[in-house]
Amino acid sequence: MASATLLKSSFLPKKSEWFGAKGASNSQPLAVSFTVRAGAYSDELVKTAKSIASPGKGIMAMDESNATCGKRLASIGLENTEANRQAYRTLLVSAPGLGQYISGAILFEETLYQSTVDGTKMVDVLTGQGIMPGIKVDKGLVPLAGSNDESWCQGLDGLASRCAAYYQQGARFAKWRTVVSIPNGPSALAVKEAAWGLARYAAIAQDNGLVPIVEPEILLDGEHGIDRTFEVAQKVWAEVFFYLAENNVMFEGILLKPSMVTPGAECKERATPEQVSEYTLKLLHRRIPPAVPGIMFLSGGQSEVEATLNLNAMNQSPTPWHVSFSYARALQNTCLKTWGGVPENVKAAQDVLLTRAKANSLAQLGKYTGEGESEESKQGLYAKNYSY
């Protein structure tokens, strides 16, 4: 996999080099070139991926854009200011003992360079808890011309230099989210565009020392049943791994962030955790190579409890992968409402976050029972056409 960015490590060549070799028929040097490859980071990538995919641990996704974070803050009556975003993110990263259950945290760019309210770098607080900092690197969804009102994810331009800078700042993994809409097709064009973009991103991230999280989210939008979701998911993941291989992405140094296989959010027939587990595991076994270390599921608008129950059901039988979570709202919804922007509520909110994180840790181990859950944690979080 050719590197678009020059590796900065002192023990590696700074650029492609030329060696002189004597030709057989004359004395002129023969120019021979070689290119630095991502193998320079291969050991570190594998170590990082395995560290995140540790037993009983998962990822806290806190990478909402400033605009989306503002919507979250507005739901509790707070203005979208940097100070308020900083206060909330400080609450999350500094929850005592969070590292018992969380192995990685996906950050928005502002947060990667931000300090907590007491002046400590967010990255340092996370690493102090044993939590690996990660970074959202995509630039969001835009309309895909020539499609059935579908989207593609932008952000490849300048990605190599950004990944190099994020690595220097302390990030060790990355996330790129693109989406596939079942009600809108999905068209072959949209699926191919999603798969190709993810593969190029993954190759560039690995070249710069970041473990790429590969996330083609199949949106919950629609009235379709679980069989239709399964059918589309098979097509999407086949395409994704075809292009990952085409781009020489090292499977041992990636993590996946798939949607669970569920009915559409507006489908009248709901699925039990056992059904979600059956369909989702069947998808994984058919499409995901066992070389991939971790499958970190997104919650995609499920309630906090629903996401945990489904994860627990999937961990009732052994698989070749670490089957875990990478949740945002399904970890933080009750926490955010408990905090309410009131400094005196920080501890109570952190306790709620730890309760949710512990529940998902138990689910990763297949030991979650669902007992003692609050009514708030059972509330659905689905939002049509949800964006970050």
Side-chain angles (χ1 to χ4, degrees), residues 45-63 92 95 97-107 126 129-134 172-175 177 211-218 233 237 251-262 273 276-285 287-300 302-332 353-370:
L45 292 168
V46 172
K47 184 178 179 181
T48 298
K50 287 183 175 179
S51 175
I52 294 172
S54 297
K57 294 189 178 182
I59 293 173
M60 176 171 64
M62 46 181 293
D63 57 317
L92 295 175
L98 186 63
Q100 296 177 68
Y101 318 114
I102 301 296
S103 53
I106 312 172
L107 310 177
L126 288 168
Q129 295 234 52
I131 299 172
M132 195 85 67
R172 288 298 177 268
F173 69 101
K175 192 200 87 163
R177 173 190 181 252
V211 168
I213 291 181
V214 177
E215 181 184 359
E217 179 176 354
I218 299 172
W237 281 104
F251 294 167
E252 297 92 330
I254 67 175
L255 296 167
L256 306 186
K257 187 168 179 176
S259 315
M260 297 178 193
V261 181
T262 66
V276 171
S277 172
E278 178 188 356
Y279 275 85
T280 306
L281 291 179
K282 183 163 62 172
L283 169 70
L284 297 185
H285 284 293
R287 290 292 182 264
I288 311 303
V292 175
I295 318 290
M296 323 299 286
F297 281 98
L298 59 89
S299 55
Q302 300 176 61
S303 74
E304 292 174 324
V305 171
E306 184 182 8
T308 309
L309 284 169
N310 288 338
L311 178 63
N312 186 71
M314 283 187 278
N315 279 295
Q316 296 307 303
S317 55
T319 70
W321 317 278
H322 174 80
V323 176
S324 192
F325 61 94
S326 177
Y327 294 164
R329 289 171 291 166
L331 269 178
Q332 301 172 35
L353 175 64
L354 292 171
T355 296
R356 255 314 9 102
K358 182 178 180 180
N360 286 293
S361 170
L362 290 170
Q364 198 288 311
L365 299 170
K367 298 179 179 179
Y368 173 72
T369 64

Next item on the list: Report the residues that fulfil ring-ring contact (aromatic ring centres under 6.0 Å, His included) with Phe325, sequence neighbours left out, ordered by chain and then residue number.
Entry: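 For Phe325, the residues satisfying ring-ring contact (aromatic ring centres under 6.0 Å, His included) (neighbours in sequence not counted) are Tyr327.
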Notebook entry, point to check: Got a sec, which residues hit ring-ring contact (aromatic ring centres under 6.0 Å, His included) with Tyr101, two or more places apart in sequence or on another chain?
Noted result: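 Checked Tyr101 against ring-ring contact (aromatic ring centres under 6.0 Å, His included); zero matches.
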Can you name the residues that form a side chain to side chain contact (heavy atoms under 4.5 Å, CB included) with [X], not counting sequence neighbours?
X      : answer
Lys47  : none
Gln316 : Asn312
Lys367 : Leu362, Leu365
Leu309 : Pro273, Val305, Tyr368

Quick check: do [X] and [Y] have side-chain heavy atoms less than 4.5 Å from each other?
X      : Y      : value
Leu256 : Ile288 : yes
Pro293 : Phe251 : no
Pro258 : Leu298 : no
Ile254 : Ile213 : no
Glu215 : Met296 : no
Val261 : Val276 : no

Next item on the list: Applying salt bridge (Lys or Arg N to Asp or Glu O under 4.0 Å), name anything that partners Arg172, two or more places apart in sequence or on another chain.
Entry: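 By the salt bridge (Lys or Arg N to Asp or Glu O under 4.0 Å) rule, Arg172 matches Glu44.
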Next item on the list: To the nearest 0.5 Å, tell me how far Ile131 CD1 sits from Leu126 CG.
Entry: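 Output value for this atom pair is 5.5 Å.
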Check: Which distance, rounded to the nearest 0.5 Å, do you find between the NZ of Lys358 and the CG of Asn360?
Finding: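 Between Lys358 NZ and Asn360 CG, I get 13.0 Å after rounding to 0.5 Å.
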Check: Which pair of non-hydrogen atoms, one from Leu331 and one from Leu353, has the smallest distance, and what is that distance?
Finding: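 Closest pair (atom of Leu331, atom of Leu353, distance): O-CD1, 3.7 Å.
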